[in-house]
2 protein chains.
Amino acid sequence: MAVTIRDVARASGVHISTVSRTFSAPHLVNPNTRSRVLAHAEELGYRPNRAARALITGRTYNIGLIVADIANPFFPPLIKAAESQARKHDHHIFVADTNEDAALEEEVVRALAKQVDGVLLVSPRMSNTLIEQLSREVPLVVVNRQIAGIPAVVMDVARGARTAVEHLTALGHRHLALLGGPRGSWTSREIRRSAAATARTAGAELTIIGPNAPTEFGGLTVAQDVLRAGATAVLAYNDLMAIGLIEGLMAAGARVPADVSVVGIDDIMLSRLTRPKLTTVATPTAAAGRAAVDMLLAHGDDRRTTAHIHLQTELVIRDSTGRGPGPHSPADPGDVNAPEGVAS
Amino acid sequence: MAVTIRDVARASGVHISTVSRTFSAPHLVNPNTRSRVLAHAEELGYRPNRAARALITGRTYNIGLIVADIANPFFPPLIKAAESQARKHDHHIFVADTNEDAALEEEVVRALAKQVDGVLLVSPRMSNTLIEQLSREVPLVVVNRQIAGIPAVVMDVARGARTAVEHLTALGHRHLALLGGPRGSWTSREIRRSAAATARTAGAELTIIGPNAPTEFGGLTVAQDVLRAGATAVLAYNDLMAIGLIEGLMAAGARVPADVSVVGIDDIMLSRLTRPKLTTVATPTAAAGRAAVDMLLAHGDDRRTTAHIHLQTELVIRDSTGRGPGPHSPADPGDVNAPEGVAS
DNA sequence: GCCATTAATGCAAGCGGTTGCACAGCTGTC
DNA sequence: GACAGCTGTGCAACCGCTTGCATTAATGGC
């Protein structure tokens, strides 16, 4: 049915090994022969079977990409960038969604291991130990997690969280809440650590709420907790939770940002479009996707590339944060509230 | 390095064919032998190499999924559902993003053909002829396109467009605009055909604007065209364009829905969260992803499954549509505008 | 108790390629 | 003109696995 190397060999009157070399070691074949073979290959529509090739060479030209939830708007830009970068290097991408389930992550890595050159683990939920173990079975690049000896791309959320908390305390907020992310999230721990340290320095109180599902619903359901805690400003694990929280706060009669300020993390497309527009910490997701693919492909060359790439984050101030009850720092503009802010 | 069938055979003291049969034809091997082999396989961490198996059986247990733009929020829920459904049947999914480029679609299908059992072509931009040709090289299931002889999953956008236009004319709008989608989109043509027919029946005028990029920016840039045309209601090819259009209209000083009503299509998550909340035609994207995978997997059994599955759409009335200048149908509630509608 | 079945396993070819090695023909050197 | 050294190609083994066929042992019918 499909055209194989044998068909091309027969048509060109050469041995299959010559056809093989025409594609994988062109300098070893006579230019005349080569062009004849290429012509016949073209005519027959021949394409080397990558799986067959991989059987011998060990290179599949495939990459596995494992994410917690494709439908979470944080991931698609990363997937898109990774796919595009991979294809630039003639690689294809397997995408798997683990539904925030650590056990499933392990299973999928193992299932994919044999048919990929490496796996990108984005925001994994499983333990470091397990990741280290898996990295002995298949080349791994981890995004949003730091593990000694494992190549990683991390976004500097700690700095992002610090900037966000400083923004809030500068606005005069003295009682902050932090909505934690899912259990097992390195990012969530980083944020908590950094936010706690920054709040302490600023002399502000910080109530931790969570872990929570990193979804709109996860934010929606803790609105009452935030109000009950008496916080006037909230930093959420991600934008989705921040948006859900705002919905929940409004439903409870609280105004954002007049009564409660909310900051998200990620700067997903949504954040510009909700009302009030969300103040958030922008994370370079596309760059992370590209960098992770690059690391994985470089990995093949020198075995022990265990570098960690750090990507900067940036606070984007929009309309969901405003003055708190305390004195605000004059350095910070007081009227960050948008004129088109939601009606009170 | 990796453990192969030979390692398991050696450990179990049987021939490799017995190990092979233990996994792919268990009824042919003695229960005692089988359990012994399984025990050793488990212990060694053996997993059959799917690529090697595929070489002989022709079944890869992989599926290709080709979309125009992963970052377009319409696609992720579909991808997620397809991936989940595929994994339920022990298949993995290659995801490729073609950036709305028809030529790239063809290239990717061909590149993937040898290592998948079939390809899901979601909202393809290439020609029917080319799709027919490709379907002779690899099993294809098309989503959002109808081609005789090719299995397809289509969402009934024609009906959705009709319902949307009827909604608008019932509100008293007499001059409508339609924002077309990208060139090559079957959905876009369906919408146009249906909207035109419905508008004619209702005696309303319909201005067609497009083709356009199916993005927020694509909607934003045609806001002026809409105003210039004098339309008081707009049906957009998708929610993203509708949202961009609303931004553009507001920037130009027009109020939504007071001056112009806007209806989108898709009901992406965003649509509930923007202000005003978007009236839109909900399309069953997750169901489409599942159905497409099911069709592809069934395809293997009886060769000529060329059924077309039709999925229903539904108009979701929110806050972006309101009364037009003409008489409105009493059957239609007049006060669809939300109380929290954007300030005038 | 003999023969035809049947059950369980081994053997080996082959899926579509790659690659180390052998070999033939040509070139250039002395 | 003999020989070393290329260059270009063919040969055959092999990657990890499946599968038709052969082989052997055990079973059952009469």
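Proteins come first, then strands; the chains are lettered A, B, ... in the order of their sequence lines, and each starts at number 1. Since we're looking at a predicted model, the values are computed, not measured.
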- Task: Please state whether the phosphate of D/dT9, meaning OP1 or OP2, lies under 4.0 angstrom from any side-chain nitrogen or oxygen of A/T33.
- Result: yes
- Message: Using a heavy-atom cut-off of 4.0 Å across all strands, would you classify B/S17 as base, sugar-phosphate, or nothing?
- Response: base
- Note on the structure: Whole-Å distance, A/I16 CD1 to C/dT19 C1', equals 11 Å
- For the student: nearest non-hydrogen atoms of B/T98 and B/L104, plus distance: O-CD2, 3.6 Å
- Query: Of the nucleotides C/dG17, C/dA12, D/dG10, which has the atom closest to the A/I5 side chain?
  - Reply: C/dG17
- Query: Which residue, B/K114 or B/R34, contacts DNA chain C at a nucleotide closer to its 5' end, judged by nearest heavy atom?
  - Reply: B/R34
- Message: Within residues 45-55 of chain A, which residues have any heavy atom lying less than 4.0 Å from an atom of DNA chain C?
- Response: A/Y46, A/R47, A/P48, A/N49, A/A52, A/R53, A/L55
- Task: For A/V19, answer base if it contacts any base atom (sugar-phosphate contacts may also be present), sugar-phosphate if it contacts only those atoms, and nothing otherwise; contact means non-hydrogen atoms under 4.0 Å.
- Result: nothing
- Task: Report the distance from atom CZ of A/R59 to atom C1' of D/dG16, rounded to the nearest whole Å.
- Result: 20 Å
- Item | Euclidean distance, atom CZ of residue A/R6 to atom P of C/dT18 [Å, nearest integer] | 11 Å
- Looking only at heavy atoms, which two atoms of B/V37 and B/S12 are closest? And how far apart? CA-OG, 3.8 Å
- Rounded to the nearest angstrom, tell me the gap between atom NE2 in A/H15 and atom C1' in C/dT19. 12 Å
- Rounded to the nearest angstrom, tell me the gap between atom CZ in B/F23 and atom C1' in D/dC17. 12 Å
- Query: Which heavy-atom pair separates A/M126 from A/L134 by the least distance, and what is that distance?
  - Reply: CE-CD1, 3.6 Å
- How far apart are the C-alpha atoms of A/E43 and A/R36, what are their side-chain angles, what is the distance that settles it, and do they pass the salt bridge (Lys or Arg N to Asp or Glu O under 4.0 Å) test? CA-CA 11 Å; A/E43 187 192 327; A/R36 192 154 40 88; over 6 Å; no
- Specify whether B/H91 and B/Y61 have parallel, tilted or perpendicular ring planes, treating 30° as the upper limit for parallel and 60° as the lower limit for perpendicular. tilted
- Query: B/S20 near the nucleic acid: base, sugar-phosphate alone, or nothing, with a heavy-atom cut-off under 4.0 Å?
  - Reply: base
- Item | Salt-bridge present (A/R145, A/E132; N to O < 4.0 Å) | no
Please list, one pair per line, the donor and acceptor atoms closer than 3.5 Å that link side chains of residues 284-296 of chain B to other protein atoms, with sequence neighbours excluded.
{"residue": "B/D294", "atom": "OD1", "partner": "B/Q85", "partner atom": "NE2", "Å": "2.8"}
{"residue": "B/D294", "atom": "OD2", "partner": "B/Q85", "partner atom": "NE2", "Å": "3.3"}

- Query: Does OP1 or OP2 of D/dT9 have a side-chain N or O of A/T18 closer than 4.0 Å?
  - Reply: no
- Protein-nucleotide distance (A/R21, atom CZ; C/dT18, atom C1'), rounded to Å: 9 Å
- Specify the separation, in whole Å, of atom CD1 of A/I56 and atom P of D/dC17. 14 Å
- Message: Rounding to an integer number of Å, can you tell me how far A/N30 CG sits from D/dT9 C1'?
- Response: 10 Å
